[in-house]
K.L.:
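My questions all concern the structure below.
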Amino acid sequence: MLAAGNSAVAPPLTKLSEEEQMFQASVRRFARERLAPHVREMDQAGAFRSDLIRELFEGGLMSIEIPEEFEGQGGSFFQSILAIEELAKVDPSAAVIVDVQNTLFNNAILRWATAEQKRRWLPRAAKSSVASYALSEAASGSDAFALATRAAESGDDYLLNGRKLWITNAAEAELFLIFATVNPDAGYKGITAFLVERDFPGFRVGKKEDKLGIRASSTCELILDDCRVPKSNVIGEPGKGYKIAIETLNEGRVGIGAQMLGLAEGALAHALEYSKQRKQFGKAIAEFQGVQFDLAEMAVDIEAARLLVYNAARLRDAGQPVLTEGAMAKYFASQIAERVASRAVEIFGGVGFTKDYPVEKLYRDAKIGRIYEGTSNMQRVTIARQLLGSLK
Ligand SMILES: Cc1cc2nc3c(=O)[nH]c(=O)nc-3n(C[C@H](O)[C@H](O)[C@H](O)COP(=O)(O)OP(=O)(O)OC[C@H]3O[C@@H](n4cnc5c(N)ncnc54)[C@H](O)[C@@H]3O)c2cc1C
């Protein structure tokens, strides 16, 4: 038998290293002290405060995996996941701002950009420039590679024409990773990734959506009318954009899983606190077994989601593929986020249905988890394909 503490014994999945614990505690403090007081006002305004975005940069939360040589934190993917989870407990809008920056934009640049491109853009992404990741269009959502935005060669540049829809962070962003096709006849093999800066001629950010949930996170249309983009701004090679999109989204989904996990944890924490205070029939409602059973099931849902999300994140840091694990984590965490937030609203009773208490917002915020970065159906397609692969 192996002795306890033997290095051959793998640590529990949810056991955090000392560094991870310290990092988690600092994000938790920021979320409680700086973010929480503004959540309701930002939800009502449908806008995220610029001073808080600045603080996200100053706290290193927009550059978690960017190496120190590019002015980032030199942290792990798992730390990004911890940050997204902690922020989502308090505000899922803050969580998705950090998620897109770290798990999609920075991740793509770190993996695919040249050394020169990294020197140009990573310090900006680390210090001050919010970033967006633009794949979706009006006619291509789940079928993302049917995109129509066109990139035509013009001397040392490409001219980009088209419209992107649903782009997170776009109201604030200065850097945009935009997917367009250099050859529509080549299907997905024409798709190419371009780094577009906000002030490029022919580029503008269009209408901002008025949404059900994550209202403080901006979601906008992008308009490209003969937008001139230097060839030196192609990330990866022309025609390789589909690979960049697939690889980053496979990992990005773990981030959405973390957002939904944190949201559910936030809802449970509110429900626990309220159930101990609210009295009916002469006692705290937490004393009723019916309420206790709800709370217990919420905790089981959360623990199961945490294991899926943490496992996928640790796999990614170990250099393992996360295609199926990321899809499962996102699929399950978004399912339980809706369920847990809904139960939390019920535990609050009538006041849970009002904007005076935070669970109403978490319930609205949960819905997006089953839609963006691939709908629940698309996650099931991915998982089933892996199961049935041998039939091909
Ligand atoms: C708030 C928000 C933020 C977003 N942020 C970004 C972003 O930053 N960048 C970006 O590029 N995109 C972003 N998106 C876009 C998002 O990824 C898409 O909305 C999503 O992929 C779904 O595409 P769609 O809306 O076109 O729905 P559709 O693809 O039209 O799907 C409609 C329904 O049909 C189902 N369906 C479609 N195809 C199949 C199939 N083969 N099998 C079974 N069911 C299917 C879907 O599951 C869904 O229920 C965002 C969207 C929202 C709402």
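Just so you know, ligand 1 is whichever comes first in the structure, and atom 1 is the first atom listed for that ligand. What you are looking at is a predicted structure, and each value in this text was computed from that prediction instead of being measured. Each residue takes its place number in the sequence, starting with 1.
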K.L.:
May I ask whether atom 32 (C) of ligand 1 is less than 4.0 Å from at least one protein heavy atom?
P.N.:
no
K.L.:
For atom 23 (O) of ligand 1, tell me which residue out of Ala146, Ala245, Gly141 has the closest non-hydrogen atom.
P.N.:
Gly141
K.L.:
Pick from Asp365, Asp210, Asp91: which one makes a salt bridge (charged side-chain N to carboxylate O under 4.0 Å, His left out) with Arg215?
P.N.:
Asp210
K.L.:
Is there a heavy atom of Ile371 sitting under 4.0 angstrom from any atom of ligand 1?
P.N.:
yes
K.L.:
Between Thr375 and ligand 1, which part of the residue brings a heavy atom under 4.0 Å of the ligand: side chain, backbone, both or neither?
P.N.:
side chain
K.L.:
Determine, for Phe78 and Arg314, whether the Lys NZ or Arg CZ falls below 6.0 Å from the six-membered ring centre while staying within 45 degrees of the axis.
P.N.:
yes
K.L.:
Could you check atom 52 (C) of ligand 1 against the protein and tell me its nearest heavy-atom contact, residue, atom and distance included?
P.N.:
Ile368 CD1, 3.8 Å
K.L.:
Return yes when at least one protein heavy atom is under 4.0 Å from atom 49 (O) of ligand 1, and no when none is.
P.N.:
no
K.L.:
Protein heavy atom under 4.0 angstrom of atom 4 (C) of ligand 1, is there one?
P.N.:
yes
K.L.:
Below 4.0 angstrom from a heavy atom of Glu373, which ligand 1 atoms are there? Numbered from 1 as shown, please.
P.N.:
17 (O)
K.L.:
In plain terms, say whether Glu325 and Arg253 are close enough for a salt bridge, that is, a side-chain N and a carboxylate O under 4.0 Å apart.
P.N.:
no
K.L.:
Numbering the atoms of ligand 1 from 1, which are under 4.0 Å from a heavy atom of Leu135?
P.N.:
10 (C), 11 (O)
K.L.:
Classify the contact between Thr168 and ligand 1 as side chain, backbone, both or neither, using a heavy-atom distance cut-off of under 4.0 Å.
P.N.:
both
K.L.:
Does Glu71 pair with Arg124 as a salt bridge, N-O distance under 4.0 Å?
P.N.:
no
K.L.:
Checking a contact table here: which protein heavy atom is nearest atom 9 (N) of ligand 1, and how many Å away?
P.N.:
Tyr133 O, 2.8 Å
K.L.:
Aromatic ring centroids of Phe203 and Phe176 under 6.0 Å?
P.N.:
yes
K.L.:
Under 4.0 Å from a heavy atom of Lys211: which atoms of ligand 1 are those, numbered in the order shown and with their elements?
P.N.:
1 (C)
K.L.:
Can you check which of Tyr372, Phe176, Trp166 brings a heavy atom nearest to atom 7 (C) of ligand 1?
P.N.:
Trp166
K.L.:
Counting only heavy atoms, which portion of Glu209 has something under 4.0 Å from ligand 1: side chain, backbone, both, or neither?
P.N.:
neither
K.L.:
For atom 15 (C) of ligand 1, what's the nearest protein heavy atom and its distance?
P.N.:
Ser136 OG, 3.2 Å
K.L.:
To check your reading of the model: name the closest protein heavy atom to atom 29 (O) of ligand 1, its residue, and the distance in Å.
P.N.:
Ser142 OG, 2.6 Å
K.L.:
Which heavy atom of the protein is the closest neighbour of atom 45 (C) of ligand 1, given with residue, atom name and distance?
P.N.:
Asn377 ND2, 4.0 Å
K.L.:
Are Arg111 and Glu251 within salt-bridge range, i.e. N to O under 4.0 Å?
P.N.:
yes
K.L.:
Of Thr103, Thr168, Thr248, which is the lone residue that meets side-chain hydrogen bond (donor to acceptor under 3.5 Å, both in side chains) with Tyr133?
P.N.:
Thr248
K.L.:
Side chain, backbone, both or neither: which part of Met378 comes within less than 4.0 Å of ligand 1 when only heavy atoms are counted?
P.N.:
side chain
